[in-house]
Amino acid sequence: MIKEKKGAILIISGPSGCGKSTLLKEVYKDIDNYYFSISTTTRAPRIGEVNGVDYFFVSKEEFEEDIKNDDFLEYAKVHDNYYGTSLKPINKALDEGKLVIFDIDVQGHEIVRNKIDSLVTSVFITTPSLNVLEERLNSRNTDSIEIIEKRIKNAKAEVEFFQDYDYLIINDDLQTAAKELVCIANITRIKTKLFDKEKIVSNWLSN
Ligand code: ADP
Ligand code: 5GP
């Protein structure tokens with residue numbers, strides 16, 4: 001069977017604190033041949049976060065230099081910090097036929113959609129309610145009250161965009177949400193537009 005010519009992109013967005021990182025950690029064991037896109041950010045690392053694993057943590061000046069050099073597939077200002085996706089590792093992973101997973105905000109999703117729509121599948125993740133989101137942000141214990149308030153304000157605006165996405169996951173029970181995310185990751189790999197039409201058809205005709 002002929003494989004996909006290129007890899008695919010799975011974009012995950014949702015309010016900070018809804019459980020995106022927790023869910024991703026839960027599903028990696030069930031997804032084949034993926035590459036998680038490590039974003040670059042100017043925000044300070046949280047306790048436990050590792051440079052080059054969770055993010056590439058850089059200064060505002062370094063980030064702005066990368067913008068000038070056209071290094072980003074997309075970037076945006078979120079909660080007063082820059083966040084961006086570097087182009088090079090993404091192209092490499094796509095050429096290797098990988099499923100490239102992005103955890104980016106709604107602005108980044110729109111930019112990537114406009115640039116390479118045919119490769120993209122997207123999922124919006126949220127909590128059952130705003131109250132649950134507040135509880136999770138508080139219990140995560142990583143951010144100050146001011147930062148949490150900013151994230152909650154941002155969350156109210158972000159949820160308005162959920163219908164721009166292909167799928168919606170309400171992360172209530174973690175295992176249920178994880179199963180849904182694995183299904184979406186698998187479906188992402190078999191979208192018709194990812195296949196090389198000429199090869200598929202000629203192979204089908206000659207066998
Ligand atoms: P995000 O990556 O979206 O900012 P996190 O993965 O850091 O969110 O999760 C925020 C907090 O919510 C963490 O303390 C995490 O343990 C908790 N959490 C995540 N998913 C669930 C869930 N389904 N039920 C209860 N708590 C959860
Ligand atoms: P956090 O600071 O909680 O890790 O992330 C804050 C927000 O920034 C989340 O909504 C996350 O999806 C988003 N984000 C992380 N990396 C990127 C990126 O490279 N580009 C964009 N546009 N958003 C990102």
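Indexing begins at 1, ligand by ligand and atom by atom, following the structure's order.
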Which bit of [X] is near ligand 2, meaning a heavy atom under 4.0 Å away: side chain, backbone, both or neither?
X	answer
Y55	side chain
E49	neither
Q107	neither

R189 pairs by side chain to side chain contact (heavy atoms under 4.5 Å, CB included) with which of L99, T121, I31, L10? L99
Under the side chain to side chain contact (heavy atoms under 4.5 Å, CB included) test against C18, which residue among L23, L133, V132, N171 passes? L133
Who's the nearest protein heavy-atom neighbour of [atom], and how far?
atom	result
atom 5 (P) of ligand 1	T22 OG1, 3.5 Å
atom 20 (N) of ligand 2	E74 OE2, 2.7 Å
atom 19 (O) of ligand 2	S39 OG, 2.7 Å
atom 7 (C) of ligand 2	V78 CG1, 3.9 Å
atom 8 (O) of ligand 1	G19 N, 3.1 Å
atom 2 (O) of ligand 1	S21 OG, 2.5 Å
atom 20 (N) of ligand 1	N171 ND2, 3.1 Å

Within less than 4.0 angstrom of ligand 2, does G84 place any heavy atom? yes
Work out whether the distance between some heavy atom of H109 and some atom of ligand 2 is less than 4.0 Å. no
Between [options], which one has a non-hydrogen atom sitting closest to [atom]?
atom	options	answer
atom 22 (N) of ligand 2	D105, I38, I111, I104	D105
atom 3 (O) of ligand 2	R151, K20, E158	R151
atom 1 (P) of ligand 1	G17, P15, S139	G17
atom 18 (N) of ligand 1	R140, R136, R151	R136

Considering only heavy atoms of [X], which atoms of ligand 2 have at least one such atom less than 4.0 Å away?
X	result
H79	6 (C)
T85	19 (O)
D103	11 (C), 12 (O), 14 (N), 15 (C), 16 (N), 17 (C), 24 (C)
A76	22 (N)
G108	22 (N)
R43	1 (P), 2 (O), 4 (O)

I'd like to check [X] versus [Y] (side-chain heavy atoms, cut-off strictly below 4.5 Å). Are they in contact?
X	Y	answer
F63	F56	no
Y82	R43	no
T127	P15	no

Considering all heavy atoms of both residues, which atom of G14 and which atom of K20 are nearest to each other, and what is their separation? O-NZ, 2.8 Å
Report yes or no: do [X] and [Y] form a side-chain donor-acceptor pair below 3.5 Å?
X	Y	value
S122	Y167	no
Q107	E74	no
R140	T142	yes
N203	N207	yes

D71 bridged to K88 by N-O distance under 4.0 Å: no
Would you mind running through ligand 1 and noting each atom that sits below 4.0 Å from a heavy atom of D172? 22 (C), 23 (N), 24 (N)
Short list, please: which atoms of ligand 1 are under 4.0 Å from a heavy atom of S16? 4 (O)
How long is the straight-line distance from CD1 of I152 back to NZ of K156, given to the nearest 0.5 Å? 7.5 Å
Ring pair (Phe, Tyr, Trp, His ring centres under 6.0 Å) assessment of F124 paired with F161: CA-CA 9 Å; F124 192 88; F161 289 87; 8.8 Å; no
If you measure every N or O of D103 against every N or O of ligand 1, does any of those distances drop under 3.5 Å? no
Dump the intermediate steps for side chain to side chain donor-acceptor pair (under 3.5 Å) on S13 and Y165, then the final yes or no. CA-CA 9 Å; S13 303; Y165 288 72; 2.7 Å; yes
